[in-house]
Amino acid sequence: MNHAPVPHCSVLLIDDEVIAEDLIGYHLSQRADIALHYDSRAEHAPQLCRDTQATVVLVDLRMPGADGFDVIRMLRARDDTAQVPVILLSSEDDADIKARAFALGANDYLVKWPDARELEARIRYHSAAYQAHLQRDAAFAELRQREEELRASQAALHQAQKMEAIGQLTGGVAHDFNNVLQIIAANLHLLQLTAGLDEKGLGRLRNAMSGVERGAQLSSHLLAFARRQPLQNTVTALAPLLADMEDMLRRVLGPCAVVRTELTPALWNTEVDVSQLNNVILNLAINARDAMGGEGTLTIRARNLPAGSPLPGQAAPGAGDHVLIEIADTGAGMPPEVLRRAFEPFFTTKPSGQGTGLGLSMAYGFVKQSGGEIALHSEVGRGTCVQIALRRSLAAPAAETQPVAPPLVSGVETILVVEDEDDIRQATADLLSTLGYEVLSAADAEQAAHQIERGARIDLLFTDVIMPGRISSLELTELVRRHQPQAQILFTSGYAEGVLAHDGKLPPGVHLLAKPYNAETLSARIRHLLRQRAQAITAA
């Protein structure tokens, strides 16, 4: 089909007599905006109409083989030629023939040979009407497309607003939940240190502490979804990380499932919280196991996405290089109504007691907080694929260090504990006193500021981040630095989003201990900071 620019009028003349082209063409050829195309093959009328992009068809009524009536029928039978104007040319000025022509769909009827000026006027009229019809259809089609795009944008905005509202709610719930867990954890640790329990009692204590840890993990997942948990990002080589997870995933999926890894050679590095990424992949693998009923294939793929490549869930090409991780299963898949809600926290299709509904929501929050993109693709009976795109890092991965469980350490320095929750403040003060420290306490930053201004000497400030009152925790730390620049500062919080953490990351030099914390971690962090203080004083 010819895709050259169409003149204002493209006229297709179908007549078995070549002289018709001369009679009509002589006048029309003098008009620069009219192009005449002649052909005698009436049976090919629809194809000829498409090839010439005709805006008007002139057709002779009486021809051997297919006649003018047949041409009208053929054109009107096809969607792409049904609206093209047809002017029937005939030597018969008969009312019955005219009526039949109009009944079949002719737009006009002229008796041979019409005046050239009249023919030109009719051609221009019908051509303009047809092109206006095409423009109207194109405008309506564009309008429908814009309406669809608007509906899709409104749905995406509604979903984003809903996810943000749920995120704010879950972040607040997790913050309060962490405070409750901290009260329980601190008192359990005090009992362990001071109650002199027998082995049976210690066993019950360990069970209770295990429950606190499970609650802390649940709260961590909520904060990850809400994007209110500071991430400990490090430059990571994804290829060995994903390869190392293969054995663990095989144990998670069971003996009847198959795990495959397909990793692109020279996979780029990314900057990510490794432990959180491991949790995400593990949770997705557990979801896949349940979806496959313990059988099937879980495939982990990873490849590089150069700048300009489409990102998961995004219509526009991505800015900058990314690494794409795909976790695909051959499970039951999700229907559209489930797929739309899959990232919502606590939404699950599993029976009661068989899932929290936090796996996908935690993955969503973590990826978004890490500056990446995530999308779900699923079809009932065909399985599910989760796509995660993380930004490329040009830096080299840091050398790995094996974590060591911190011992319970004591000291004799003075610590100011600032906490608005009475039970947490009291339990923390008692725990530090048991470890040998001199402890001062305050219910808010204003009380703590008065103690500092009255001359209280401290070695370390241990303060909650978010507290009511006229003075914020940050203003308190500035006051401490002015009066006692050698004092160390350790923050604690159920979450510190918007106060300490920016874009999910802590600024350099800021020390944060997330709630709930245990006695070993608290004592180790305090001892580390006090050791830094002693070294700074010695160096000065």
Side-chain angles (χ1 to χ4, degrees), residues 217 220-221 224 231-307 309-313 318 320-331 359-360 362-378 383-404:
Q217 186 178 30
S220 174
H221 287 173
L231 300 176
Q232 299 176 7
N233 289 354
T234 58
V235 178
T236 304
L238 282 177
L241 183 148
L242 297 175
D244 289 344
M245 290 195 71
E246 188 172 341
D247 289 339
M248 180 187 70
L249 295 180
R250 283 197 176 93
R251 291 193 293 271
V252 169
L253 267 66
C256 297
V258 177
V259 179
R260 294 176 179 168
T261 55
E262 301 173 2
L263 309 179
T264 297
L267 199 63
W268 291 333
N269 298 333
T270 187
E271 187 173 352
V272 72
D273 187 318
V274 174
S275 62
Q276 290 288 343
L277 180 59
N278 283 333
N279 284 338
V280 165
I281 296 175
L282 180 60
N283 276 291
L284 295 177
I286 292 172
N287 285 347
R289 177 198 63 192
D290 296 341
M292 296 188 298
E295 300 180 351
T297 301
L298 177 72
T299 304
I300 299 178
R301 294 185 289 265
R303 58 187 172 90
N304 299 327
L305 287 181
S309 302
L311 294 180
D321 296 334
H322 289 73
V323 183
L324 180 68
I325 303 172
E326 295 178 301
I327 299 93
D329 65 59
T330 57
L360 284 172
M362 185 267 288
Y364 174 89
F366 162 72
V367 172
K368 289 292 187 178
Q369 189 177 0
S370 300
E373 299 294 342
I374 182 170
L376 272 176
H377 302 279
S378 188
T384 299
C385 178
V386 183
Q387 293 184 315
I388 297 172
L390 298 171
R391 292 175 180 171
R392 178 190 184 185
S393 174
L394 298 177
E400 292 188 10
T401 57
Q402 293 298 325
V404 179

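We number each residue from 1, following the sequence as shown.
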Contact summary for [X] and [Y], nearest pair of heavy atoms:
X	Y	value
Ala389	Val367	O-CG1, 4.4 Å
Thr297	Thr330	N-OG1, 3.0 Å
Asn269	Ala237	OD1-CA, 3.4 Å
Leu298	Ala288	CD1-CB, 3.7 Å
Ala307	Asp321	N-OD1, 2.8 Å
Thr384	Ser378	OG1-OG, 2.8 Å

Student check: side-chain heavy atoms of [X] and [Y] closer than 4.5 Å:
X	Y	result
Leu238	Ile325	yes
Ile374	Pro312	no
Ile388	Leu284	yes
Arg301	Cys385	yes
Ile281	Leu242	yes

Does the [X] side chain pair with the main chain of [Y], one donor and one acceptor, at a distance under 3.5 Å?
X	Y	result
Arg391	Gly371	yes
Asn304	Trp268	yes
Thr270	Val272	no

Salt-bridge criterion met for Arg303 and Glu262 (N-O under 4.0 Å):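 No, no charged N to carboxylate O under 4.0 Å.
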Evaluate the salt bridge (Lys or Arg N to Asp or Glu O under 4.0 Å) criterion for residues Glu271 and Arg392: first the C-alpha distance (whole Å), next the side-chain angles of each, then the deciding distance (0.1 Å), finally the verdict. CA-CA 7 Å; Glu271 187 173 352; Arg392 178 190 184 185; over 6 Å; no
From [X] [atom1] over to [Y] [atom2], what is the distance, rounded to the nearest 0.5 angstrom?
X	Y	atom1	atom2	value
Met292	Asn287	CE	CG	10.5 Å
His322	Leu311	NE2	CG	5.0 Å
Leu277	Leu390	CG	CG	6.5 Å

Would you please test Thr299 and Ile327 for side-chain contact (heavy atoms from CB on, under 4.5 Å) and show each step? CA-CA 6 Å; Thr299 304; Ile327 299 93; over 6 Å; no
Determine, step by step, whether Leu253 and Val259 satisfy the side-chain contact (heavy atoms from CB on, under 4.5 Å) criterion, reporting the C-alpha distance in whole Å, the side-chain angles of both residues, the deciding distance to 0.1 Å, and the verdict. CA-CA 8 Å; Leu253 267 66; Val259 179; 4.0 Å; yes
